[in-house]
> 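If you scroll down you'll find the structure; I have some questions about it.
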Amino acid sequence: VQLVESGGGLVQAGGSLRLSCAAFGVTFTGYAMGWFRQAPGKEREFVAAISRNSGVISYADSVKGRFTISRDNAKNTVYLQMSSLKPEDGAGYYCAAARAVVRTTSRYDYWGQGTQVTVSS
C-alpha cells in the first residue's frame, strides 16, 4: 500500500493550494481518507476526513470554512483544497487511510510520506 501526496509548496498568506494524495495497492473505496498536519516540534494534528462515498466529512475547527476535502474514487485520489491560508497553516501535510471517519492518528492504517506547505506572512 502506498499513499503519495503532492501539491505542497510556498504560498503567501491569503493564498490557496490544492493537495492531492494518490493511493496505490489498496481498495480505495474500502477506506475513509484523512489529512493531518505536523509542524516542527508539534504533534501531528487532524485536519479533515472524508468517508468512503463522501457522505460524511469532518473538519478541524481551525480549518473549517477555509479547507475542503474531496475524493475521486475513479482516480483513487483524495484532495485537500486550502484557501485563505495563514502562516500557522504551514506544516507537513499527510494523508492517511482508515476504516471510518475518525480524528485519531492511531485509527489510521496507512500513511503517506507527506508534502510540505509553507505560508509566508
Side-chain angles (χ1 to χ4, degrees):
V1 176
Q2 191 175 16
L3 302 178
V4 180
E5 301 96 336
S6 61
L10 174 64
V11 63
Q12 288 188 333
S16 300
L17 277 177
R18 188 176 82 152
L19 306 183
S20 300
C21 171
F24 303 91
V26 64
T27 302
F28 189 66
T29 52
Y31 289 87
M33 298 298 296
W35 285 97
F36 289 75
R37 66 187 182 188
Q38 187 169 19
K42 295 187 177 181
E43 292 188 354
R44 191 166 294 189
E45 65 173 2
F46 171 79
V47 175
I50 187 168
S51 65
R52 304 171 191 182
N53 63 358
S54 303
V56 177
I57 291 176
S58 178
Y59 294 101
D61 288 345
S62 58
V63 306
K64 201 172 294 183
R66 300 188 298 120
F67 290 12
T68 301
I69 189 172
S70 62
R71 65 189 292 165
D72 185 337
N73 287 342
K75 296 182 178 179
N76 284 10
T77 300
V78 61
Y79 304 97
L80 186 67
Q81 177 67 49
M82 306 185 295
S83 303
S84 301
L85 282 161
K86 305 174 182 179
E88 53 264 41
D89 293 319
Y93 280 73
Y94 300 84
C95 71
R99 290 297 187 177
V101 174
V102 291
R103 299 183 172 217
T104 308
T105 56
S106 61
R107 296 285 302 276
Y108 282 78
D109 298 324
Y110 304 107
W111 290 85
Q113 292 299 305
T115 186
Q116 185 67 36
V117 172
T118 303
V119 184
S120 64
S121 57

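Just so we're clear, the structure is a prediction, and the values are computed from it rather than from any experiment.
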> Test side chain to side chain contact (heavy atoms under 4.5 Å, CB included) on N76 and F24 and set out the steps.
CA-CA 8 Å; N76 284 10; F24 303 91; over 6 Å; no
> Could you state whether V47 and V4 fall into the same hydrophobic cluster, counting links through intermediate Ile, Leu, Val, Met, Phe, Trp or Tyr residues with side-chain heavy atoms under 4.5 angstrom apart?
no
> Examine R99 relative to Y31 and say whether NZ or CZ is less than 6.0 Å from the centre of the six-membered ring and inside a 45° cone about the ring axis.
yes
> Count the heavy atoms belonging to other residues, nucleotides or ligands that lie under 6.0 Å from CZ of R44, then report whether that count exceeds 12.
yes
> Give me the atom names and distance for the closest heavy-atom approach of R71 to S54.
CG-OG, 3.3 Å
> Might you point out which heavy atoms bring S121 and A13 nearest each other, and give the distance in Å?
CA-CB, 4.3 Å
> Measuring from atom OG of S58 to atom NZ of K64, what distance do you get when rounded to the nearest 0.5 angstrom?
7.0 Å
> Taking the six-membered ring for Trp, are Y94 and W111 parallel (under 30°), tilted (30 to 60°) or perpendicular (over 60°)?
perpendicular
> So L19 and V117, side chain to side chain contact (heavy atoms under 4.5 Å, CB included) or not? Walk me through it.
CA-CA 9 Å; L19 306 183; V117 172; 4.0 Å; yes
> Honestly curious: do F28 and V101 fall in one hydrophobic cluster under the side-chain, below-4.5 Å linking rule?
no
> Hey, any chance F67 and V102 share a hydrophobic cluster, counting ILVMFWY side chains that come within less than 4.5 Å of each other, even indirectly?
no
> Quick one: do Y110 and Y79 end up in the same hydrophobic cluster if we chain Ile, Leu, Val, Met, Phe, Trp and Tyr together by side-chain heavy atoms under 4.5 Å apart?
no
> Got L3 and M33 here, is their nearest side-chain heavy-atom distance under 4.5 Å?
yes
> For the pair K86 and D89, evaluate salt bridge (charged side-chain N to carboxylate O under 4.0 Å, His left out) and give the outcome as yes or no after the intermediate values.
CA-CA 5 Å; K86 305 174 182 179; D89 293 319; over 6 Å; no
> Looking at I50 and S70, what are the two nearest heavy atoms and their distance?
CD1-CA, 3.7 Å
> Only one of L85, L10, V11 forms a side chain to side chain contact (heavy atoms under 4.5 Å, CB included) with T118, so which one is it?
L10
> Does the side chain of W35 come within less than 4.5 Å of C21's, by heavy atoms?
yes
> So T104 and F46, side chain to side chain contact (heavy atoms under 4.5 Å, CB included) or not? Walk me through it.
CA-CA 7 Å; T104 308; F46 171 79; over 6 Å; no
> Can you name the nearest heavy-atom pair linking R103 to Y59, along with the distance?
NH2-O, 2.8 Å
> Roughly how far, to the nearest 0.5 Å, is CD of Q113 from SG of C95?
10.0 Å
> To the nearest 0.5 Å, what is the distance between CD on Q116 and CD on Q38?
10.5 Å
> Are the side chains of Y108 and F36 in touch, meaning some heavy atoms are under 4.5 Å apart?
yes
> Crowded around E45 CD? As in, over 12 foreign heavy atoms under 6.0 Å?
yes
> When you measure from the side chain of E5 to the backbone N and O of G114, does any donor-acceptor pair fall under 3.5 Å?
yes
> Side chains of S51 and N53: is there a donor and an acceptor less than 3.5 Å apart?
yes
> Less than 4.5 Å apart, any side-chain heavy atom of R37 and any of L80?
no
